[in-house]
2 protein chains.
Amino acid sequence: MSARQRVTVEDIARACGLSRATVSLVLRSSPLVHPATRQRVEAEMKRQGYVYNRAAANLRRRVSNSVALVINDLSNPFFAEFATGVDEALGGKDYVTLLGCSNESPQRQLQVLNSLMEHHPAAIILSPAENTDARDIDRVVGGTPLLVFNRMLDHDSDGADHDFLGLDNRGGAMQATAHLIERGHRDIAFFGGHANSSSCQERRQGYHDALKKAGLRARNEWLIESAPTRVDACARSETLFAGKTKPTAAVCYNDAVALGLMLGLAHHGLRPGIDFAVTGFDDIPEAAMSMPELTTLSTDPRARGRQAAQLVLQRVEQATPVSPANIVPVRLVERASSSAPA
Amino acid sequence: MSARQRVTVEDIARACGLSRATVSLVLRSSPLVHPATRQRVEAEMKRQGYVYNRAAANLRRRVSNSVALVINDLSNPFFAEFATGVDEALGGKDYVTLLGCSNESPQRQLQVLNSLMEHHPAAIILSPAENTDARDIDRVVGGTPLLVFNRMLDHDSDGADHDFLGLDNRGGAMQATAHLIERGHRDIAFFGGHANSSSCQERRQGYHDALKKAGLRARNEWLIESAPTRVDACARSETLFAGKTKPTAAVCYNDAVALGLMLGLAHHGLRPGIDFAVTGFDDIPEAAMSMPELTTLSTDPRARGRQAAQLVLQRVEQATPVSPANIVPVRLVERASSSAPA
DNA sequence: CTGAAAGCGCTTACAG
DNA sequence: CTGAAAGCGCTTACAG
């Protein structure tokens with residue numbers, strides 16, 4: 001068992017007849033050490049099964065090689081992909097990922113952040129829970145570099161002292177809406193999402209922009225909220241046709257909602273892509289595998305994860321100034337679900 | 001900026017006119033400290049914005065409050081749910097999750113483990129990449145408690161010195177197959193998965209068990225491999241009907257494969273659940289939302305994650321002996337996809 | 001209840 | 001190229 005003492009630099013030094021300092025230099029592959037000495041030391045480390053204690057090293061050097069990653073909902077493939085990208089990029093730079101899940105609870109999010117802060121991460125990447133208050137976050141994060149992903153925080157002062165990485169929600173929704181208009185639709189709904197979330201507001205804005213540009217307007221009964229999930233979207237799909245004027249197409253908040261809506265349409269005897277046009281947002285893997293395949297906006301969450309990690313490490317290592325608004329463009333991917341005629 | 005020195009126990013002690021030891025006792029809420037003193041100390045910590053340095057504390061105490069979680073594929077909802085469960089249970093016990101993704105690469109997995117080991121985690125939870133060799137893992141893991149999830153390792157000696165948590169793959173596949181037999185099917189395929197993975201072997205075994213019990217047997221042409229993904233399953237679905245005797249039903253390796261197969265069937269003009277019966281494995285959220293809904297085996301990956309965390313912490317905190325085979329039963333969830341007549 | 005001293009495993013100047 | 005000493009921020013005995 002690990003009852004026997006852990007092997008330390010001291011043990012290696014003694015076995016080789018050297019001082020700890022020399023072994024330490026070997027560990028950090030300093031050019032000051034004679035190659036022969038290095039070899040002896042490395043052989044001895046292997047022999048004794050030495051494993052570096054980076055926490056101790058970090059303590060002395062007053063640095064950190066961890067980054068805290070706090071995710072609102074890991075069971076959502078969009079965020080799971082994002083997390084994968086973050087971990088990949090951090091690992092490539094010899095950083096380690098401290099994971100925390102908030103499960104969309106602001107309280108739990110604060111707990112998680114507090115716990116992770118005790119490990120003094122070099123930086124924090126936060127994909128915030130809904131209704132997260134910027135002031136709470138700033139308080140616990142202190143001076144640690146912070147990058148917020150995807151959603152803006154409530155009550156965030158303009159001169160926010162953190163990085164932000166988000167999608168071009170407005171532009172994306174505008175593309176999707178314009179695409180439906182081009183195909184002849186005039187009665188277009190915006191379906192799903194929580195109207196108080198920043199991403200939903202931005203997407204609705206893009207939808208309105210496109211309508212306005214075409215001389216159209218949205219009826220209130222076509223602005224329908226739902227949880228951003230398949231299940232809830234499916235359950236609420238009938239609401240679309242509750243008003244007097246029935247829409248012929250819907251721009252959906254995201255792919256999960258769009259897939260749920262398509263299912264709901266089928267339950268009502270409407271064939272998505274034939275009787276009713278639908279667009280999504282995110283391009284999750286399922287979008288290309290649904291029936292019909294889903295027209296959507298490609299966001300490449302794994303690449304976003306890598307990008308987030310890069311931004312935040314750049315900030316840590318070069319103390320660059322914050323870039324409060326990195327807005328990533330999104331691209332329309334045209335598939336069968338939007339091919340229904342008006 | 002954080003250019004100013006970090007606040008330490010020393011600072012708090014000096015400000016309160018106490019020694020570091022006393023402040024340390026407050027931090028660990030020792031009953032030895034006078035309540036009034038405690039109050040003063042806590043107020044001062046808040047005032048100065050003190051944040052505990054757990055790495056330093058752990059170093060001195062020779063303990064760890066981190067657990068390494070290494071996942072083969074986080075973009076698979078099954079593992080994402082598992083990770084969520086692990087993090088939830090660890091967080092509840094004041095442990096922190098060190099995340100690493102191997103992306104199904106055994107080499108990357110070793111790199112990731114090596115990097116995480118330098119943080120001396122209290123334990124390791126590993127959902128191994130395919131073709132992981134137990135000897136490689138044992139070498140890097142050393143004496144740290146290890147729990148392997150879901151897949152057994154290659155070349156694992158019987159008296160493995162690690163915990164294992166897995167699903168009852170054999171029993172589950174047996175249930176699914178028996179269910180199809182009960183519905184009158186006699187020509188049943190086993191579709192998808194890599195035949196060299198332990199979980200696929202076990203599931204195929206259960207399939208054979210059920211056939212044998214009913215006096216049936218599998219044709220070789222009905223044993224079809226695929227990557228365990230929707231895309232590949234869809235691509236290979238025609239293989240099912242390439243032989244002389246066409247099956248009327250298929251037990252699928254997992255839900256992703258089953259959903260891909262259903263899509264492939266539709267492309268061939270076969271209506272799943274009406275013209276052909278299909279079962280899955282896992283009960284991912286999509287299973288209840290597909291058309292038709294998917295009959296499958298419920299595994300509750302988030303609960304498995306909590307269970308894995310519990311097992312491993314129990315091992316850490318109470319030095320319990322390893323339990324090499326925790327096999328979790330799975331439950332058949334009957335839905336429309338398996339209702340096609342023979 | 002509180003203080004002075006030592007130490008966790010490493011690295012950092014500073015001499016040589 | 002190598003060694004002796006100090007210190008990162010905390011906790012642990014041991015006195016008082």
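Here is the naming used below: chain letters follow the sequence lines, and residue numbers restart at 1 for every chain.
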For B/Arg40 and C/dT2, what is the distance between atoms CZ and C1' respectively, to the nearest whole Å?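 The answer, rounded to whole Å, is 12 Å.
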Grab the CD1-P distance between B/Ile12 and C/dG3 for me, whole Å please.
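The distance from CD1 of B/Ile12 to P of C/dG3 comes to 15 Å, rounded to the nearest Å.
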request  = Tell me, with the steps shown, if A/Arg306 and A/Glu81 meet salt bridge (charged side-chain N to carboxylate O under 4.0 Å, His left out).
outcome  = CA-CA 10 Å; A/Arg306 287 190 293 257; A/Glu81 284 280 347; over 6 Å; no
Does [X] place a side-chain N or O at less than 4.0 Å from the phosphate oxygens OP1/OP2 of [N]?
X: A/Thr37; N: D/dT2; result: yes
X: A/Arg54; N: C/dC10; result: no
X: A/Ser24; N: C/dT12; result: no
X: B/Ser19; N: C/dT2; result: no
X: B/Arg28; N: D/dT11; result: yes
X: B/Thr8; N: D/dC8; result: no

Among [options], the one nearest [X] by side-chain distance:
X: A/Leu25; options: D/dT11, C/dC10, D/dT2; answer: D/dT2
X: B/Arg60; options: C/dG9, D/dG9, D/dC1; answer: D/dG9
X: B/Asn53; options: C/dG9, D/dG9, D/dT2; answer: D/dG9
X: A/Arg62; options: D/dC10, C/dC1, D/dG9; answer: D/dG9
X: A/Arg6; options: C/dT12, C/dG9, D/dT2; answer: C/dG9
X: B/Leu59; options: D/dT11, D/dG9, C/dC1; answer: D/dG9

Taking the inter-plane angle between the rings of A/Phe79 and A/Phe149 on a 0 to 90° scale, is it parallel (under 30°), tilted (30 to 60°) or perpendicular (over 60°)?
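A/Phe79 and A/Phe149: perpendicular rings.
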Q: For B/Ala57, report the nucleic acid contact type (base, sugar-phosphate, nothing); a contact means any heavy atom under 4.0 Å.
A: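 The answer is sugar-phosphate, as B/Ala57 gets under 4.0 Å only of primed atoms, P, OP1 or OP2.
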**Request:** Mind checking B/Arg20 for me? I need base, sugar-phosphate or nothing, with any heavy atom below 4.0 Å counting as a touch.
**Result:**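 The answer is base, as B/Arg20 lies within the cut-off (heavy atoms under 4.0 Å) of a base atom.
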message = With nearest nucleotide decided by heavy atoms, which residue, B/Pro35 or A/Tyr52, maps closer to the 5′ end of DNA chain C?
response =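 Closest to the 5' end, via its nearest nucleotide, is B/Pro35.
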task: Tell me, with the steps shown, if B/Arg135 and B/Asp138 meet salt bridge (charged side-chain N to carboxylate O under 4.0 Å, His left out).
output: CA-CA 5 Å; B/Arg135 294 168 299 193; B/Asp138 288 345; over 6 Å; no
Now, which nucleotide makes the Watson-Crick or G-U wobble pair with D/dG16, with each of the two distances under 3.5 Å?
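Paired with C/dC1.
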query: Looking only at atom types and distance, does a side-chain atom of B/Arg38 sit under 3.5 Å from a main-chain N or O of B/Ser30, one as donor and one as acceptor?
result: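 Checked: pair present.
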Worksheet item: In a check of side chain to side chain donor-acceptor pair (under 3.5 Å) between A/Glu44 and each of A/Lys46, A/Arg47, A/Arg40, which one passes?
Response: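 Exactly one option meets the side chain to side chain donor-acceptor pair (under 3.5 Å) with A/Glu44, and it is A/Arg47.
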